[in-house]
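Take a look at the structure below.
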Amino acid sequence: MTGAPASAAGGPGAPGTRGAAGASGTGTSGMGASGAGSGTGASGTGASATSGTGSGAGTSGSGTGASGAQGPKAPRGAKLSAAAVNQASLWNVANLLTMLRLVLVPGFVALMLADGGYDPVWRAWAWAAFAVAMITDIFDGHLARTYNLVTDFGKIADPIADKAIMGAALVCLSSLGDLPWWVTGVILGRELGITLLRFLVIRYGVIPASRGGKLKTLAQGTAVGMYVLALTGPLATLRFWVMVVAVALTVVTGADYVRQAIVLRRQGLAERKAAAEEADA
């Protein structure tokens with residue numbers, strides 16, 4: 001077909017050109033959909049450029065040019081938004097409790113040593129700060145595990161906060177003469193030694209927390225809290241025996257951690273050796 005008859009166009013039109021309908025044949029529309037209808041646009045009919053069956057289809061082709069469909073692009077700033085969300089997760093309730101415990105350490109020391117360190121009122125306030133710190137130690141870990149609030153900050157800051165408040169209390173008590181220095185040395189030496197041991201064997205695995213370790217923490221917190229208070233009479237005698245239990249659990253659980261670390265290391269070395277022999281085979 002060569003377009004509309006000359007009579008329908010109102011007379012002999014000017015010779016058609018391929019420019020009107022065919023110029024876009026290989027342009028942005030891809031496979032030249034507009035050229036199909038114009039056919040031989042130069043057939044001499046003036047309306048052939050616009051009345052052909054393919055007229056105006058220059059932009060609707062199914063070609064592979066600029067009109068081809070493309071996959072959706074990621075919105076600009078998506079990575080920045082994800083980073084902002086991750087950064088915001090630092091300020092969850094578990095980490096806030098850990099931060100509170102860190103802030104309580106200097107406050108506890110100031111209250112403990114106020115007025116020479118022997119005023120019962122100041123010691124009571126110091127005990128309150130110590131008690132809050134020990135209670136938050138229980139809740140922050142529970143909340144982090146229950147509600148998936150575990151962060152790198154929490155993994156590092158939580159054990160530091162635990163040892164900071166306990167160490168500050170022990171050193172203050174020993175400096176005031178309320179607690180023998182060897183007790184402070186045993187407890188702090190055990191805590192620092194086990195922490196170092198965990199880092200040394202972490203390549204082979206993680207030493208799980210034991211029930212004895214939890215009892216040790218409870219006994220230490222109770223005993224130190226009783227020593228922080230200015231107790232006299234039977235309560236003073238009671239706190240002595242609670243501290244004896246705490247020291248005993250400290251030594252026993254420390255030895256158990258050393259045993260677990262040795263076993264874990266041996267297992268790790270055996271697994272590596274077996275893997276190496278299997279690879280060589």
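From a predicted model like this one, the values you see are computed outputs, not experimental measurements.
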Roughly how far, to the nearest 0.5 Å, is [atom2] of [Y] from [atom1] of [X]?
X      : Y      : atom1 : atom2 : answer
Leu200 : Leu264 : CG    : CG    : 12.0 Å
Leu231 : Thr237 : CG    : OG1   : 10.5 Å
Lys273 : Glu278 : NZ    : CD    : 14.5 Å
Leu269 : Tyr204 : CG    : OH    : 4.5 Å

What heavy-atom pair brings [X] and [Y] nearest, and what distance separates the two atoms?
X      : Y      : value
Leu197 : Val258 : CD2-CA, 3.8 Å
Val105 : Ala164 : CG2-CB, 4.0 Å
Met134 : Ile165 : SD-CG2, 4.4 Å
Ala157 : Leu102 : CB-CD1, 4.5 Å
Ala133 : Leu104 : N-CD1, 3.9 Å
Thr250 : Val186 : CG2-O, 4.2 Å

*Show your reasoning for whether side-chain hydrogen bond (donor to acceptor under 3.5 Å, both in side chains) applies to Thr151 and Asn92.*
CA-CA 9 Å; Thr151 62; Asn92 61 60; 4.8 Å; no
Donor-acceptor contact below 3.5 Å, side chain [X] vs main chain [Y]:
X      : Y      : value
Ser174 : Leu179 : yes
Tyr118 : Leu176 : yes
Arg239 : Leu229 : yes

Path from [X] to [Y] over hydrophobic side-chain contacts below 4.5 Å:
X      : Y      : answer
Phe240 : Val242 : yes
Val171 : Val109 : yes
Leu100 : Met166 : no
Val183 : Leu238 : yes
Ile194 : Leu170 : no

*asked:* Quiz question: by atom type and distance under 3.5 Å, do the side chains of Arg190 and Thr253 form a donor-acceptor pair?
replied: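 Yes - a donor-acceptor pair under 3.5 Å links their side chains.
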Would you check if [X] and [Y] make a side-chain contact, meaning some heavy-atom pair closer than 4.5 Å?
X      : Y      : answer
Tyr257 : Ile262 : no
Tyr227 : Val224 : no
Leu149 : Asn95  : no
Asp137 : Leu97  : no
Lys163 : Thr195 : yes
Leu96  : Met99  : yes
Met112 : Trp127 : no
Val93  : Phe139 : no

*Test side chain to side chain contact (heavy atoms under 4.5 Å, CB included) applied to Val245 and Trp241, step by step*: CA-CA 6 Å; Val245 173; Trp241 290 109; 5.8 Å; no
_side chain to side chain contact (heavy atoms under 4.5 Å, CB included) for Thr184 and Leu173? Distances and angles first, verdict last._
CA-CA 9 Å; Thr184 296; Leu173 290 171; over 6 Å; no
*asked:* Between Val228 and Phe108, is the side chain to side chain contact (heavy atoms under 4.5 Å, CB included) condition met? List the steps.
replied: CA-CA 10 Å; Val228 169; Phe108 166 80; 4.1 Å; yes
*Which is it for Glu191 and Lys216 under the salt bridge (Lys or Arg N to Asp or Glu O under 4.0 Å) test, yes or no, and what are the steps along the way?*
CA-CA 11 Å; Glu191 298 301 327; Lys216 179 268 306 178; 2.9 Å; yes
*Write out all pairs satisfying salt bridge (Lys or Arg N to Asp or Glu O under 4.0 Å) with one or both partners inside residues 166-178, taking only residues at least two apart or from two chains.*
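Listed by first then second residue: Arg123-Asp178.
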*Can you list every salt bridge (Lys or Arg N to Asp or Glu O under 4.0 Å) pair that touches residues 244-270, not counting sequence neighbours?*
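Qualifying pairs: Asp256-Arg259.
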*Taking it one step at a time, do Arg101 and Asp162 satisfy side chain to side chain contact (heavy atoms under 4.5 Å, CB included)?*
CA-CA 8 Å; Arg101 202 154 71 255; Asp162 298 342; 2.8 Å; yes
